[in-house]
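We use all heavy atoms of the structure for the numbers below, so side chains are in, but hydrogens, waters and symmetry mates are not. The chains referred to below are lettered A, B, ... by the order of the sequence lines, with proteins before strands, and numbering in each begins at 1.
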Amino acid sequence: MRLSRFALVTTKETPADAEVVSHKLMLRAGMIRKLGAGLYSWLPIGLRVLYRVEAIIREEMDRAGANEIRMPGVIPAELWQESGRWQKYGPELLRFKDRHDRDFVLGPTHEEVVTDLIRRDIRSYKQLPVNLYQIQTKFRDEIRPRFGVMRGREFIMKDAYSFHVTQEDLDREYLNMRDTYTRIFTRIGVEFRIVRADTGAIGGKRSEEFQVLAAAGEDLLAVSDTSDYAANIEAAACLPHGTRPAATAALQAVSTPGHKTCADVATFLKLPMQKLLKLLVVHAADGGLIALALRADHELNEVKAEKHPRIASPLVMATDAEIRAAFGCQPGFLGPVGCKIPVLADHAAAVLADFTCGANQDDAHLSGTNWGRDTAEPETADLRNAVAGDPSPDGQGMLTLTRGIEVGQIFENGPIYTAALGVKVLGEDGQEFTPTAGCYGIGVTRVVAAVIEQRNDDRGILWPDAIAPFRVIICPIGMDKNADVKAAAEALHDELQQAGVDVALDDRGLRPGAMFADADLIGIPHRIVIGDRGLKNAQFEYKRRDAAEPEMIAATTAAVLEKLRA
RNA sequence: CGGGGUAUAGCACAGCUUGGUAGUGCGUCUGCUUUGGGAGCAGAAGGUCGCAGGUUCGAAUCCUGCUACCCCGACCA
């Protein structure tokens with residue numbers, strides 16, 4: 001490819017609204033341009049990277065026995081109503097009507113559509129298992145799109161769905177996909193970690209995420225410092241540990257006028273947050289209210305709360321009015337003593353003794369509070385987010401927290417969608433049964449951003465060879481003035497191309513500094529500089545993008561190929 | 001959805017407080033010189049100042065409404 005004919009626009013300056021490195025570099029390198037909030041055009045240089053990522057995914061999915069299909073992005077609402085997600089899925093689901101006033105959604109994921117496909121075409125157990133995948137544009141009306149392509153509203157996803165006769169076969173395919181994803185991300189050349197996950201909006205039982213470790217990541221991960229345990233904070237269990245010390249202090253009212261927040265009360269009473277108990281009030285599963293007791297320094301884990309049988313799902317926090325009706329005071333002064341609604345205590349909160357909590361009366365707290373003595377023994381549950389230093393749930397080591405970018409997730413859905421859509425297949429025994437299913441996603445556009453987050457320096461991107469827009473760039477110096485340089489550069493370009501190497505020739509006639517700056521910014525892994533200086537000694541200059549210094553090599557295509565192979 | 005902010009040339013910004021006919025840098029174009037890490041000089045093009053109203057002799061500037069975009073938060077006990 002000759003850069004003079006390639007639509008490439010790089011910039012020295014970064015547009016004001018880019019915050020994270022990958023977003024800045026993608027804009028500066030001319031990979032993407034923004035159209036609207038969370039909506040991006042992919043320009044030639046960016047598209048090349050995207051296609052390479054897609055190609056690796058296709059190869060590995062096909063190798064794993066999956067079949068590529070393509071479903072529509074626009075889906076009739078009926079299917080979503082049938083699965084129940086028309087109601088369950090929140091405002092992230094973009095809904096609209098056609099000219100006949102019929103409801104449609106812009107697909108954020110395609111369980112319903114594939115399941116419908118299966119329902120129509122799969123008649124016999126002999127047609128199973130089957131794994132269908134597509135690489136397609138999805139739309140999710142994110143609350144807050146940000147970080148460029150990392151959290152866009154429109155994005156490209158590889159989504160795969162498998163259907164099985166038995167749970168064992170689903171387990172087999174789940175592991176098959178786990179291996180496939182491992183191969184995909186390894187080939188792409190990014191460092192990742194497989195992490196236990198919550199099943200979220202998709203639903204189902206077993207699930208793991210593929211996380212690219214990066215400081216800019218939006219997900220918090222809890223990782224054991226000794227074992228291989230790793231989980232998304234949403235799914236990291238906090239097991240009960242420690243026992244409650246005996247009560248020593250007497251229950252005592254303390255005046256805390258206007259001190260509503262935990263931090264405020266702790267400072268005012270000169271107490272550590274760990275000795276303070278907070279009460280959050282949420283809607284209960286039975287339609288009433290339920291109070292959740294947590295240590296003041298801990299955070300409620302909404303995912304865990306939602307799953308608790310006594311708590312309403314989705315989680316709804318009580319309003320100030322509801323709290324006043326139930327407690328007779330404002331939030332900020334709530335406590336378990338004399339509490340008229342059921343109390344569910346987090347394991348860590350339940351082992352507190354002599355703690356301070358709200359007095360259920362405005363401007364007052366209670367010190368020296370003890371479970372069992374001043375209140376009933378609370379029912380306990382795991383309700384909080386793990387924090388650094390917690391024991392690892394597998395009993396080995398301590399948890400540390402790090403950030404990650406979720407680039408893939410695999411699920412065992414089980415029969416939820418097949419049952420909801422009434423998929424019936426004839427079994428070996430002549431009886432109808434409902435197949436069980438799994439689904440497996442990769443955020444293709446996000447992978448591109450995640451790789452950049454992990455691989456960049458102050459000059460630009462450092463692409464791994466596998467997904468670089470070009471593997472090698474030729475920078476001829478003074479090409480327009482020097483016929484030898486021009487001839488050598490063009491010959492090398494043509495010969496590399498014939499050898500199947502994806503090569504760019506910078507024939508734009510720029511000054512050397514500008515050429516080098518662009519090559520570094522765009523992140524091309526290998527660079528050949530051809531100048532009359534080197535040519536006199538029959539030499540090219542070769543530099544790896546990540547090497548400190550260039551080296552001189554013989555001015556032959558073979559010598560260049562040798563370097564590319566290394 | 002709540003809070004905050006921004007909107008002026010392709011990009012980044014100044015000008016607005018105190019109303020008077022729109023500017024800087026980068027980029028782009030032309031010419032000459034230059035050519036191993038984003039060149040120098042000279043010249044040039046490019047703006048309905050987000051949109052709609054209002055105030056005023058006069059509005060980028062003041063007022064009202066709208067729209068778009070960005071940031072923070074959505075755990076608060």
Side-chain angles (χ1 to χ4, degrees), chain A residues 9-20 23-24 27-28 30 33-39 90-91 141 143-148 256 259-266 273 276-282 289 291-305 315-320 322-324 326-327 329-336 339 346 356-363 365 383-385 458-460 475-482 485 506 508-521 527 529-535 540-541 543 549-550 552:
Chain A
V9 181
T10 58
T11 60
K12 250 190 283 191
E13 286 180 278
T14 312
D17 57 2
E19 281 204 294
V20 296
H23 189 194
K24 286 180 188 165
L27 289 168
R28 286 192 49 208
R33 289 291 180 257
K34 184 168 86 166
L35 179 63
L39 304 172
D141 201 354
I143 299 181
R144 198 169 145 208
R146 59 183 135 182
F147 303 150
T256 49
H259 297 287
K260 295 200 291 187
T261 69
C262 287
D264 205 6
V265 172
M273 293 275 277
L276 227 59
L277 187 93
K278 65 181 174 186
L279 222 54
L280 312 184
V281 184
V282 299
L289 294 176
L292 311 179
L294 282 116
R295 232 167 66 180
D297 59 322
H298 286 153
E299 289 178 345
L300 178 67
N301 180 312
E302 295 193 14
V303 171
K304 291 177 182 175
L315 189 75
V316 183
M317 301 298 290
T319 62
D320 285 10
E322 284 170 330
I323 289 174
R324 185 160 285 282
F327 287 83
C329 67
Q330 52 177 316
F333 301 99
L334 308 183
C339 178
D346 176 67
T356 297
C357 60
N360 296 329
Q361 178 187 327
D362 283 347
D363 301 331
H365 280 72
L383 295 174
R384 69 180 174 94
N385 278 339
D458 53 356
R459 287 180 177 159
C475 299
I477 290 171
M479 187 179 180
D480 300 329
K481 295 284 165 59
N482 189 317
V485 169
D506 195 343
R508 295 175 296 173
L510 300 183
R511 304 166 61 80
M515 271 194 289
F516 299 159
D518 268 353
D520 288 346
L521 174 61
R527 187 184 77 191
V529 178
I530 302 179
D532 54 351
R533 231 163 52 185
L535 233 39
F540 293 154
E541 176 193 296
K543 183 179 172 300
E549 296 297 331
M552 300 309 292

**Q** Which nucleotide, in any strand shown, forms a Watson-Crick or G-U wobble pair with B/rC1, with both distances under 3.5 Å?
**A**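 Partner of B/rC1: B/rG73.
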**Q** Output yes when A/D362 and A/R324 qualify as a salt bridge under the 4.0 Å nitrogen-oxygen rule, no when they do not.
**A** yes
**Q** Return the pairing partner of B/rG31 with a 3.5 Å limit on both distances, Watson-Crick or G-U wobble; otherwise return none.
**A** B/rC41
**Q** Pick out the pairs of N or O atoms, protein on one side and nucleotides 25-32 of chain B on the other, that lie under 3.5 Å.
**A**
| unit_1 | atom_1 | unit_2 | atom_2 | d |
| --- | --- | --- | --- | --- |
| B/rG25 | N2 | A/E13 | OE1 | 3.3 |

**Q** Can you see whether A/H365 engages A/T356 through a side-chain donor-acceptor pair at a distance of less than 3.5 angstrom?
**A**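 Their side chains do not contain a donor-acceptor pair, so the 3.5 Å distance test is not met.
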**Q** Do the non-hydrogen side-chain atoms of A/L292 and A/D346 ever get within less than 4.5 Å of each other?
**A**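 No, their side chains stay 4.5 Å or more apart.
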**Q** How would you label the contact of A/R384 with the nucleic acid (heavy atoms, under 4.0 Å): base, sugar-phosphate, or nothing?
**A** nothing
**Q** Give the rounded distance in Å between these two atoms: CZ of A/R533 and P of B/rU35.
**A**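 It works out to 13 Å between those atoms.
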**Q** If B/rA68 has a Watson-Crick or G-U wobble mate with both distances under 3.5 Å, name it; if not, just say none.
**A**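 B/rU6 - that is the nucleotide pairing with B/rA68, both distances being under 3.5 Å.
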**Q** Output one line per pair: protein atom, nucleotide atom from nucleotides 2-7 of chain B, and distance, for all N/O pairs under 3.5 Å.
**A**
none

**Q** Mind checking the C1' distance from B/rC63 to B/rC1? Whole angstroms is fine.
**A** 28 Å
**Q** What contact category does A/N385 fall into here, base, sugar-phosphate, or nothing, at under 4.0 angstrom with non-hydrogen atoms?
**A** base
**Q** Using the side-chain contact (heavy atoms from CB on, under 4.5 Å) criterion, which residues pair with A/A296? Sequence neighbours excluded.
**A** A/C262, A/M273, A/L276
**Q** Using the P atom as the reference point in each nucleotide, state the distance between B/rC11 and B/rC69 in Å, no decimals.
**A** 16 Å
**Q** By nearest atom, which of the nucleotides B/rA12, B/rA77, B/rC69 is closest to the A/A37 side chain?
**A** B/rC69
**Q** Return the 5'-most residue of the pair A/I530, A/F333 with respect to RNA chain B, ranking by each residue's nearest nucleotide.
**A** A/I530
**Q** If pairing requires Watson-Crick or G-U wobble contacts with both distances under 3.5 Å, which nucleotide is the partner of B/rC13?
**A**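 Because both required distances fall under 3.5 Å, B/rC13 counts as paired with B/rG23.
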**Q** Suppose we screen for side-chain contact (heavy atoms from CB on, under 4.5 Å). Which residues come up paired with A/R533, at least two apart in sequence or across chains?
**A** none
**Q** Identify, with sequence neighbours excluded, every residue that meets side-chain contact (heavy atoms from CB on, under 4.5 Å) alongside A/E302.
**A** A/L315
**Q** Would you classify A/D518 as touching base, sugar-phosphate or nothing, given that sugar-phosphate means primed atoms plus P, OP1 and OP2, and contacts are heavy atoms under 4.0 Å?
**A** base
**Q** By nearest nucleotide on RNA chain B, pick out whichever of A/G531 and A/I143 is the more 5' one.
**A** A/G531
**Q** Over all strands shown, is A/K34 touching base, sugar-phosphate only, or nothing at heavy-atom distances under 4.0 angstrom?
**A** sugar-phosphate
**Q** Taking protein heavy atoms under 4.0 Å as touching, what does nucleotides 39-46 of chain B look like 5' to 3' if B marks base contact, S marks sugar-phosphate-only contact and - marks none?
**A** B-------
